[in-house]
Amino acid sequence: MSGPAPAVPDHFIDEIIKADIASGRWGLGGQGGLGRGGVAGGVAGASVQTRFPPEPNGYLHVGHAKSICLNYGLAQKYGGKFNLRFDDTNPEKEEQEYVDSIIRDVKWLTSAFGGSFDSGNHAGGLFYASDLFGLMYDYAVELVKKGLAYVCELPAEEVSKRRGTPAIPATSPFRDRPAAESLKLLDEMRRGVHPDGSMTLRAKIDLASPNFNLRDPVMYRIVHEKHHNTGTDWCIYPMYDWAHGFEDSFEKVTHSICTLEFENHRPLYDWFINAVNQGRTEDGSGPWGKTIWHSRQIEFAKLQLNYTVLSKRNLLRMVSDKVVRGWDDPRMPTLSGMRRRGYTPAALRAFCEEIGVTKTDSVIDIGRLENAVRADLNKRSPRAMSVLRPLKVVIENWPAGKVDELDFVINPEDPAAGTRKVKFSGTLYIEREDFMEEPPKKFFRLSPGQEVRLRWAYFIRCTGVEKDSAGNITAVRCTYDPATRGGDAPAGPNGEPPRKVKATLHWVSAEHAIAGEVRLFDRLFKAEFPGERTGKWEDDLNPDSLTVLTDAKLDPVLATAKPGEAYQFERLGYFTVDPDSAPGKPVFNRTVSLKDDWAKLAAKGG
RNA sequence: UGGGGAUUGGUGUAACGGUAGCACGACUGACUCUGACUCAGUUAGUCUAGGUUCAAAUCCUAGAUCCCCAGCCA
């Protein structure tokens with residue numbers, strides 16, 4: 001895939017990083033923790049160490065792509081490292097399948113940067129929050145001993161009731177119990193003595209804080225559930241706020257980048273690190289040893305796309321309710337769905353860089369994503385001619401049985417791709433919509449009496465149509481001009497300029513074309529903001545989001561195409577081979593159509 | 001009603017007291033063996049009201065609108 005980073009304009013996070021570098025903020029960064037496979041995260045004298053911290057409770061989507069590209073791009077730009085870290089602190093929702101898919105998707109996407117979390121110059125490594133459960137537990141014990149945490153025996157509903165309001169402080173009758181008592185109960189919690197929900201460990205911060213996150217947040221809850229990584233080793237699990245800062249700390253993350261909704265959590269993030277560091281010193285001479293790494297949390301606005309649903313909860317519903325065929329359905333905004341559809345890592349990277357990074361909530365037009373895909377595929381895709389909805393063309397004056405071989409330019413955007421041969425004969429297929437018996441004004445494709453060019457082949461002129469008893473057109477009759485072989489008209493006998501033709505059509509030879517299935521996708525939702533009207537995105541589903549064409553006539557060159565390969569079907573769009581393909585039965589996904597001024601004109605003209 | 005954020009053309013994003021720029025879209029046109037690509041041009045913006053200043057998108061004051069927060073989710 002592509003290598004060095006193109007020039008991307010600086011954004012507010014660049015400015016923060018540059019200021020940090022200038023002030024030497026992270027200059028003393030030592031070696032970070034050791035990730036899976038012995039790869040060390042955290043660089044000595046680091047300028048940046050970033051990470052992408054997904055929870056393995058679903059498949060990654062294009063919103064995550066923005067975060068991955070941001071974090072990887074920063075590591076690359078400033079010569080730092082990038083980690084993939086599973087924020088796997090909730091066994092009730094997390095599964096190995098999701099872990100596997102996330103690893104696959106992150107590797108795939110970051111290939112656009114020429115490396116990944118486990119390869120290349122910016123590989124920081126693979127980490128699991130759950131590998132740190134022991135460390136976090138030790139910190140929790142430390143906080144209890146420091147009088148900064150306590151075991152609270154209020155049930156969840158009761159905590160909720162006692163949460164208070166902006167004006168009324170929260171309460172807990174267990175807040176001032178002796179540390180020794182909390183220590184004993186915490187140990188019992190961990191050993192499985194107590195049932196789920198019977199008690200929690202809470203931080204002792206400020207029950208009256210206007211920021212509810214600081215009203216003695218829960219650090220540990222009891223969950224007797226098997227964890228995908230730690231199995232049954234634990235029956236207490238750390239909450240996000242308690243765990244996240246230590247994950248960053250262990251990996252010596254410099255800039256802990258998250259989305260806007262965590263802005264309210266930053267005081268808590270800092271409080272927990274500071275609480276552990278209370279009584280610790282740089283040289284370890286304090287009563288609690290050495291200070292731990294304190295990352296800097298920075299929040300940015302997550303990606304929002306119109307005509308799209310982007311929340312793991314809803315995507316999960318779409319999969320489990322079978323609205324789509326699975327997480328990798330090509331209509332899904334998941335990375336696996338987009339990969340299957342034919343979107344490339346380079347296109348997603350370009351898209352993420354084009355839309356910028358800010359703190360402003362904004363909605364990106366889905367067309368921007370499609371444009372990025374077109375731009376990338378245009379450069380790299382070999383061309384082919386395939387007919388999606390075939391209409392037979394009979395060349396009346398073509399010598400019976402003759403087959404011609406013509407030169408076809410494989411990719412006009414890439415002369416190095418060269419040419420290949422295409423076979424032409426007396427019976428062809430063209431696109432049904434390229435013929436009109438009674439054409440409107442601006443239609444300059446084939447119609448009775450009209451002459452067009454067949455790409456790289458001959459000029460043909462329509463002499464008539466054949467119809468069935470119901471009046472449907474079954475074939476178009478034409479004559480060809482042998483002098484236009486290759487697709488260019490010769491100059492006139494007296495030096496007149498060659499005659500021109502307004503339209504060039506794609507075609508396939510009926511005898512040589514191969515049969516195939518083509519799947520066309522439209523957006524999954526008809527409404528710009530699904531669910532905005534009724535509160536249910538189901539009400540805005542597009543019933544026509546999938547069209548399967550089983551009678552396509554494909555370019556013979558596609559017979560050996562392999563899953564994942566992308567072609568431009570000339571005048572139609574970019575098409576990628578689906579894994580459902582079988583030998584002799586190729587299946588193509590339309591990744592994205594070409595821009596189509598004629599369709600726009602026709603729609604406008606009515 | 002408490003706290004935390006945000007607000008620049010249709011959309012996204014720059015400008016950090018000194019010419020409001022770029023990209024996408026839309027619209028014109030050129031080119032074209034893909035009605036694609038490419039190229040040229042047009043279009044259109046500082047949330048409001050005051051103030052400071054020679055000069056304000058930028059600083060100050062007041063207001064408006066939108067987003068996030070009262071899970072033992074992340």
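Lettering of chains follows the sequences in order, A, B, ..., and the numbering in each one begins at 1. Bear in mind that the values here come from a model prediction, so they are computed numbers and not experimental data.
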Going by atom types only, do A/Glu94 and A/Asn57 share a side-chain donor-acceptor pair under 3.5 Å?
no
Could you check whether A/Pro267 gets within reach of a base, just the sugar-phosphate, or nothing at all, counting any heavy atom under 4.0 Å?
nothing
Can you say whether the rings of A/His228 and A/Tyr128 are parallel (under 30°), tilted (30 to 60°) or perpendicular (over 60°)?
tilted
Nearest-nucleotide comparison on RNA chain B, the residue closer to the 5′ end among A/Gly356 and A/Pro210:
A/Pro210
Distance, P atom - from B/G2 to B/G9, rounded to whole angstrom
29 Å
Whole angstroms only, please: what is the CD-C1' distance between A/Glu353 and B/A14?
17 Å
Taking the six-membered ring for Trp, does A/Trp598 stack with B/G35 (centroid gap under 5.5 Å, planes within less than 30°)?
yes
Take atom CE of A/Met199 and atom C1' of B/C72, then tell me their distance rounded to the nearest Å.
13 Å
Round to a whole Å and report the spacing from CG of A/Leu305 to C1' of B/C24.
14 Å
Roughly how far apart, to the nearest Å, are B/A14 and B/U7 at atom P?
9 Å
Measuring only the C1' atom in each nucleotide, how far is B/G51 from B/U43? A whole number of Å is fine.
35 Å
Check: A/Arg175 and A/Leu207 side chains under 4.5 Å, non-hydrogen atoms
yes
Which part of the nucleic acid, if any, lies within reach of A/Phe262 when heavy atoms closer than 4.0 Å are counted: base, sugar-phosphate only, or nothing?
base
Taking B/G71, B/U34, B/C69 as options, the one with an atom nearest any side-chain atom of A/Arg163 is B/G71
Provide the distance between the two C1' atoms, one in B/A44 and one in B/G10, to the nearest whole Å.
8 Å
Distance between the C1' atoms of B/C27 and B/U8, in whole angstroms?
23 Å
Hey, does the side-chain of A/Glu354 have a donor or acceptor N/O within less than 3.5 Å of a partner on the base of B/C24?
no
Quiz item: A/Asp596 side-chain donor-acceptor pair to B/G35 base, under 3.5 Å:
no
Over all strands shown, is A/Pro412 touching base, sugar-phosphate only, or nothing at heavy-atom distances under 4.0 angstrom?
base
Do the numbers put A/Arg215 on top of the ring of A/Phe212, so that NZ or CZ is under 6.0 Å from the six-membered ring centre and no more than 45° off the axis?
yes
Who are the side-chain hydrogen bond (donor to acceptor under 3.5 Å, both in side chains) partners of A/Arg85, not counting sequence neighbours?
A/His244, A/Glu247, A/Asp248, A/Glu251
Which value, in whole Å, describes the distance between the C1' atoms of nucleotides B/G12 and B/U46?
15 Å
Treating a pair as Watson-Crick (purine N1 to pyrimidine N3 plus N6-O4 or O6-N4) or G-U wobble (N1-O2 and O6-N3) with both distances under 3.5 Å, list the stems of 3 or more consecutive pairs that involve RNA chain B.
B:2-7 with B:64-69, B:10-13 with B:21-24, B:25-30 with B:38-43, B:47-51 with B:59-63
Answer with base, sugar-phosphate or nothing: what part of the nucleic acid does A/Ala167 contact at a heavy-atom distance below 4.0 Å?
nothing
Indicate, with a heavy-atom threshold strictly under 4.0 Å, whether A/Gly164 touches base, sugar-phosphate, or nothing.
base
What integer distance in Å separates A/Leu310:CG from B/A74:P?
21 Å
Among B/U13, B/G35, B/C69, the one nearest any side-chain atom of A/Thr358 is B/U13
Would you call the rings of A/Trp234 and A/Tyr137 parallel, tilted or perpendicular, where under 30° means parallel and over 60° means perpendicular?
tilted
Considering only B/C16, B/A74, B/A70, which nucleotide approaches the side chain of A/Glu55 most closely?
B/A74
Could you check A/Asp87 against A/Lys442 and say which one's nearest nucleotide on RNA chain B is further toward the 5' end?
A/Lys442
Nearest-neighbour nucleotide for the A/Leu601 side chain, B/A26, B/G71, B/G35 considered:
B/G35
Rounded to whole Å, the NZ-C1' distance (A/Lys502 to B/U32) equals 14 Å
What is the nucleic acid contact for A/Arg445, judged by heavy atoms within less than 4.0 Å: base, sugar-phosphate only, or nothing?
base
Separation of atom CG in A/Asp597 from atom C1' in B/G35, rounded to whole Å
6 Å
Taking atom types as they are modelled, would you say the side chain of A/Arg571 forms a donor-acceptor pair with the base of B/G35 within the 3.5 Å cutoff?
no
If I take atom CE in residue A/Met239 and atom C1' in nucleotide B/C72, what distance separates them, rounded to the nearest angstrom?
6 Å
Could you pull out all residues at least two apart from A/Phe569 that satisfy ring pair (Phe, Tyr, Trp, His ring centres under 6.0 Å)?
A/Phe575, A/Phe588
When you compare B/A62 with B/A20, how far apart are their P atoms, in angstrom units rounded to a whole number?
29 Å
Which protein N or O atoms sit under 3.5 Å from an N or O of nucleotides 6-11 of chain B?
{"unit_1": "B/A6", "atom_1": "O3'", "unit_2": "A/Thr360", "atom_2": "OG1", "d": "3.4"}

Taking syn as any angle within 90 degrees of 0 and anti as the rest, which one fits B/G71?
syn
Which nucleotide in B/A26, B/U34, B/A15 has an atom nearest any side-chain atom of A/Glu570:
B/U34
What residues form a ring pair (Phe, Tyr, Trp, His ring centres under 6.0 Å) with A/Tyr343, not counting sequence neighbours?
none
To the nearest angstrom, how far is A/Arg455 atom CZ from B/G35 atom C1'?
12 Å
What side-chain donor-acceptor pairs closer than 3.5 Å can you find for residues 187-195 of chain A, not counting sequence neighbours?
{"unit_1": "A/Asp187", "atom_1": "OD2", "unit_2": "A/Arg191", "atom_2": "NE", "d": "2.8"}
{"unit_1": "A/Asp187", "atom_1": "OD2", "unit_2": "A/Arg191", "atom_2": "NH2", "d": "3.2"}
{"unit_1": "A/Glu188", "atom_1": "OE1", "unit_2": "A/His194", "atom_2": "NE2", "d": "2.7"}
{"unit_1": "A/Glu188", "atom_1": "OE2", "unit_2": "A/Lys184", "atom_2": "NZ", "d": "3.1"}

Using ring centroids (six-membered ring only for Trp), state whether A/Tyr139 and A/Phe246 fall under 6.0 Å.
yes
Whole-angstrom distance between B/G4 and B/G25, as gauged at atom C1':
34 Å
Establish, for the pair A/Arg177 and A/Tyr150, whether the NZ or CZ atom is under 6.0 angstrom from the six-membered ring centre and no further than 45 degrees off its axis.
no
With sugar-phosphate meaning primed atoms plus P, OP1 and OP2, does A/His265 contact a base, only sugar-phosphate, or nothing at under 4.0 Å between heavy atoms?
base
Does the side chain of A/Ser256 pick up a donor-acceptor pair with the side chain of A/Arg296 at under 3.5 Å?
no
